[in-house]
Amino acid sequence: MPKDHPIKSCRLLSDIAAQCHRRQRCSHGPAVAGTPLPEACCNGRMRVCAINGDRQTCAKMANLGVRPGSELELLCKGGGQQCMIKINGGTLSLDAPTAAHILVAPA
Amino acid sequence: MDNAITVALAGNPNAGKTTLFNLLTGARQHVGNYPGITVEQKEGCCLHHGQGLRVVDLPGTYSLTAYSVEELVARDFLVNEKPDVVVDVIDASNLERNLYLGCQFLELGVPLVIALNMIDVAEKRGITIDAAALGKRLGVPVIPIVARTGRGVDQLLDAVLKVAAGESRPQPAFLRYGSDIDEALTDMMPFIRQCTELTAIYPERWIGVKLLENDTQIGQKAIATHPTASAKLNERCEAVVNHLQNTLGVYPEAVIADHRYGYIKSILHQGIVTRKFVADRLYASDKIDKIVTHRFLGPLIMAGILFALYTFTFSYSTLLVDWLASFFALLNHGVDTLLPDGPLKSMITSGVIDGVGGVLGFVPIIMFMFFGIAVLEDSGYLARVAFMMDRIFHFFGLHGSSVMPFIVSGGIAGGCAVPGVMATRTLRSPKERLATLLTVPFMNCGAKLPVLTLLIGTFFSDHQARYMFLATLAAWLVALCAAKFLRMTVLRGASTPFVMELPPYRFPTLRGLAIHTWERTWQYMKKAGTVILGISILLWALMTYPSLPDERVAHFEQQRQLAHTTLAPGTSENQSEKEALDKALQKIKATEAMEGLRNSFGGRIGIACEVVSRYAGIDWRTNIALIGGFAAKEVIISTLGTAYSLGDVSSEDATSLSERLAKDPGWNPVVALAVLVFIMFYAPCFVTVVCIAKEAGSWKWAAFSIVFNTVFAYSMAVAVYQIGTWLY
């Protein structure tokens, strides 16, 4: 097996370690990069890079104060599951598909 | 109160509007530490300095754009009813987000007063707000209050009267939304002015903003008012959307929201708010959440809490239940001794005492269960349950918002399907809503609880709490599987997103718990004393009339005389002979009663249904109770009580229904389990069916609910009985 294709379990462990220490920055232009919120590996402060999804999802998020550039704290999450975030002093629960539309980077 | 001032209470969900409403009007509207409790507007009255106030509690919203039913209800009231004053109830500990809605009230140009609620919580969190300076910047009175204690409410009402006395309505606030949006709004103005019917209701610039925000209601109204101008407006909106998507990758509503937040920040950053601690630091509530909603620990804690609730309910209420059962047995005995034999005595003992007493006997259990639920709801834990259940609900084709209707309907045994069905209004997707309202009646509501308690207590008394917990799990499983089935067949469609604000954990107040527990228990008792009493008497009549034919009555009279002559010749003092005579007379009386019951209308219906029900082990007397249960599930107990007291062949004295069932040869644990399963899942009660028809907008779905649930329940009961009999 080539070195750059590790076995699945090793890749998972190495990814966790790598993602937790990797710092991604938001680009200033149209934000297309970033980690979907449910896949953010560490609990802690994040900055919203972009919000994808349909128009209504974006509007609802904007009303709740989840906007590109805003900071949030990821309180609870499971791999690819629903998320609980703290933003603007309030705590929001987001289902997995909605949370996946929010792209974040460590603050 | 013809000259009463109309005051609308608006604000974000869980900001304390209903608490303030209850304080002002003395009402006892349900207040919960859960967002979205208020779905419809509620009205009440109060007096302040001799001035009458008509207070309207609006549903909580985050914006005034028509994205949800609550937002539509709130906006329509503000625009159509034009209240004299709008009180924006704001959570002071979460000022920035709450002011976002206040900012939209300013844009709409409504006469506004801001109530900074929960100022004590903000102070505890080290947040100081200069209310006077904030009011000056916003141009509206800002009054700090604590709705729970009434602090500052007098000053708030003073401000309300002052604003109401103002001669003219305030002008809509002019906010800038950036060059792209502002230019588009300027271009749109001439076309908006052509829609005169719209501009007569809404401010011009506000219409433009809503069109850019893709507000469907305003868009449709514009088309209906002036199709040509509307087409031009749409064209301009499309151009802005495309431009913003190509340049910034966002929609206009995000840019508008950005500028609103910018406006709020600019106000708050001028020394209005001072914080002792870092903003957005984690409070105890957040730390608890990290454990309580943990991926692995969370479900275990949830199961533990539910099991503890059942153990608490069934361990501590037993004594009171026994006392009440003894009280009603004593009452029955008293009436039996005092009144002469006849229809009146039969109606009072079999119809009223056995019927209503059977239902009232479960009040302690209901009370303990409601107390437990009130603790979970008021503390904010139920909202976390919704969060944890969301993923599971998605898997079964439901929405995260479906969790609350399920819980309200009896997800934690003891709810009611009627408010549960009504709570589905918070769901936007019609298919998810239908799937939810058709499956919530599977939950173990407060009316089913006494039936479950009776059967479990009689046949599985050693593990009462464990069986109740299993019954709850079974109800959830069946409801979710039924939802999945509906979503895969008749209600196929995509899932919609679930976003909910979680309230902070709060220590429930003893007063709040007492009010919630008493409200629900009183509702149950009131129902027992009115509807259940009526239905019990009606069913008693059905089970008593027509009476036996004269020749049969004469036959039994002849048998009695025969017993007297054969078993007690002369005036014998022999005790054993006396006992034998009493026994023989009792047996004749019971046989006559049983034959009378079989001959009655109710008995005939029960016997007719037995052709089908016997495959599930359900006899004709239980059939009468099950038919009565369609009127109200509580009636099952009362009808069983009546049916088994009328046709009681085994007991000499007045005994409880539980003892009668335990002694009846037709009952055993397998039959009990089959009956239990049937009662849990068969047709919802009549009130729920009406409610389903109203909420679904068609009687077709109500009929579907009756047929689907009954067929499913029957199949399950037959399976349980046949397999159980084979194994038992």
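Numbered from 1 within each chain, the chains take letters A, B, ... in sequence-line order. Basis for what follows: all heavy atoms, side chains included, without hydrogens, waters or symmetry-related copies. A quick note: this is a predicted structure, and the numbers were derived from the prediction, not measured.
Remark: B:D180 engages no residue in a salt bridge (Lys or Arg N to Asp or Glu O under 4.0 Å) (not counting sequence neighbours). Looking at residues two or more places apart in sequence or on another chain, you find a salt bridge (Lys or Arg N to Asp or Glu O under 4.0 Å) between B:D289 and B:R384.
Interface remark: of the candidates A:P97, A:S93, A:A62, A:S93 forms the most heavy-atom pairs closer than 4.5 Å to chain B. Heavy-atom pairs under 4.5 Å with chain B were tallied for A:K60, A:H101, A:Q56, A:R67; the largest tally goes to A:R67. If you tally non-hydrogen atom pairs under 4.5 Å between each of A:L64, A:T57, A:D54, A:L92 and chain B, the highest count goes to A:L64.
Counting heavy atoms from C-beta on, the side chains of A:T91 and B:E501 never come closer than 4.5 Å. Taking the side chain as every heavy atom from C-beta outward, A:M61 and B:V499 approach each other to under 4.5 Å.
Distance CG/B:D390 to CG/A:L94: 9.5 Å, rounded to 0.5 Å. With rounding to the nearest 0.5 Å, the separation of OG1 in B:T65 from CG in A:N63 is 6.0 Å. Taken from OG1 in B:T293 to CG in A:L75, the straight-line distance is 7.5 Å, to the nearest 0.5 Å. Taking NZ of B:K290 as the start and CG of A:L74 as the end, the distance is 8.0 Å to the nearest 0.5 Å.
Side-chain atoms of A:Q82 come within 3.5 Å of backbone atoms of B:F387 as a donor-acceptor pair (strictly under, hydrogens ignored). Without hydrogens or angle criteria, B:Y261 side chain to A:G65 main chain gives a donor-acceptor distance under 3.5 Å.
In this structure, the portions of A:R55 lying under 4.5 Å from any heavy atom of chain B include both its backbone and its side chain.
Between A:I87 and B:R97 the shortest heavy-atom distance is O-NH1, 4.4 Å.
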